[in-house]
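Along the sequence shown, residues are numbered consecutively beginning with 1. Since the model is a prediction, treat every value here as computed from it, not as a measurement. When a ligand or atom number is given, it counts from 1 through the structure's own listing order. What's counted below: heavy atoms across the whole structure, side chains too, no hydrogens, waters or symmetry copies.
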Amino acid sequence: MRPISRREALLLGGLGTAATVAGGAGLWWSLASTLQPVGGAAPAQGPELRSSAELRSTDGRLQLTLDAARGQAELGGRTARPLSYNATFPGPTLRLRPGDELAVRLVNHLDEPTNLHVHGLHVSPQGTGDNVFVAVPPGEGHDYSYRLPADHPPGVYWYHPHHHGMVADQIFAGLFGAIIVEDPEAIPVSRERVLLVSDTTLDNAGNIATVSPMGRMAGREGELLLLNGQSSPLLTARPGERERWRIINACAARFLRLRLAGQQLQLIGMDSGRSAVPEPVQELLLAPGNRADLLVTAAAGESVLQALPYDRGTMPGMMGQGPGPARGVLALAAFRVGGESTTPAGAVPARPAPEDLRNAAVAARRQLTLAMGAGSGGPGGGLGGMMRFTINGREFSDARTDTIVAAGTVEEWTLVNTSPMDHPFHLHVWPMQLLEDNGRSLDSVVMRDVVNVRANGHATVRIAFRDFTGRSVYHCHILDHEDLGMMGVIEVR
Ligand code: C2O
Ligand code: CU
Ligand code: CU
């Protein structure tokens, strides 16, 4: 195959991945392998990575309005009509410190209800807090207020709508943004990048495409894979520079198996979990909703941030049929490192060892079974012919409380997946410590707020139900599955 130029590669990246993926998996592989290291300061050719505005708390408080509306934006080089917050795609990045108050006025200029969830933040689920039972009707607003505890874990979090039945549609259409909780002691880096990965599908007119019932059941994967709304943007650095990448998987259903060959990667955190020391990694798997906090030490040359194929299983009763269209290797970004070398950045400050819930007294053990089964279109379903998506045999109902937990206790939950498809399990408010993943015991403290439960697999977590009481939810973060019922209500009291 003729080697393709970077410009062609970028064009391909912008043309919708469906076509390239269908016949072109080999093309992307060859792209990655034909891109040769470039010396000196080569002129930029592709669109430079753009970033959303950053809003920072001052004197312990950040107050802002998020206006959700349909508007015009350029997505992956095409004129599109996504939904967005404050007419920016992604929404503004919110930077907070532990102990801060975040006050958000959400204004709904959509033609359907919406609301707001602060994914991963350890804040109260009650009242005007992280309360997903609030619905904000079209034309109205709602004042949210979240108080972060003084010992809130630093890291990367995000916000998105959570109105049951419309979550996947609204996120797929563009409603999301990043939240950063700053470290007590800054890590020396040359620059920090907030990288929101999303996918969507545009119709010919640039509207967000609707999804078929089959697409919902599988979990939709969009034809356009976007990084901050762009296809294959260009990131540049000088050799020796250390960058900090805050990567968020904001895709409705797509898993991101990321690779950046030729560069030195160190993972310093996933979700609210921190690595004690930076952990060298070759590859990262982010289920929908997961975030990575990554240090990249730049080495001269040009690398491609790739999303590799990940097999998340099949639909029950449909042998061999994978859920998503994306089966090839996709280019998410180009990372070009050239120019004069810089002196290495200073050491990463040591972090306090996290608490280990393996030593905690367990007050209750539970099993939560995630299942997909033939639907009858029965009560609560309302979708004749659709498959049922259940937790412990039941579809979501906000009128029911499924799990009651005593405040202040530690519980151990075994998450069982009886379906042939992965389900990334997410719990609001309280982070989970992963103890065992499909038979493999973990020997270090791994905190997650989204734990992928493999097809026909299981995982065990422990949760400390501290600091807050109230009703909240757990669900599959394949957001179509959540919308179809794979969600339960928890009350801590
Ligand atoms: Cu990212 Cu319940 O959500
Ligand atoms: Cu969440
Ligand atoms: Cu699922």
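If you put the vertex on the Cu ion (ligand 3), ND1 of H481 and SG of C476 sit 130° apart, to the nearest 10°.
In this structure, the ring of Y146 has its center no less than 6.0 angstrom from the ring center of H152.
We find that D437 and R440 are joined by a salt bridge, their nearest charged nitrogen and carboxylate oxygen being less than 4.0 Å apart. Salt bridge annotation for D311-R257: absent, with no cationic side-chain nitrogen under 4.0 angstrom from a carboxylate oxygen. Residues R471 and D398 are not paired through a salt bridge, judged by the lack of any N-O separation under 4.0 Å between the basic side chain and the carboxylate. Ion pairing between R291 and D449 holds under the 4.0 Å rule for side-chain N and carboxylate O.
For residue H477, no N/O/S atom approaches the Cu ion (ligand 3) to within less than 2.8 Å.
Excluding waters, the count of protein N/O/S atoms less than 2.8 Å from atom 2 (Cu) of ligand 1 comes to 3.
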Contacts under 3.5 angstrom, residues 67-76 side chains, donor-acceptor by atom type, not counting sequence neighbours:
from: D67; atom 1: OD1; to: H109; atom 2: ND1; distance (Å): 2.7
from: D67; atom 1: OD2; to: H109; atom 2: ND1; distance (Å): 3.2
from: R70; atom 1: NH1; to: R81; atom 2: O; distance (Å): 3.1

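Closest approach between the Cu ion (ligand 3) and any N/O/S atom of H423 involves ND1.
A side-chain donor from one of Q126 and T469 sits under 3.5 Å from a side-chain acceptor of the other.
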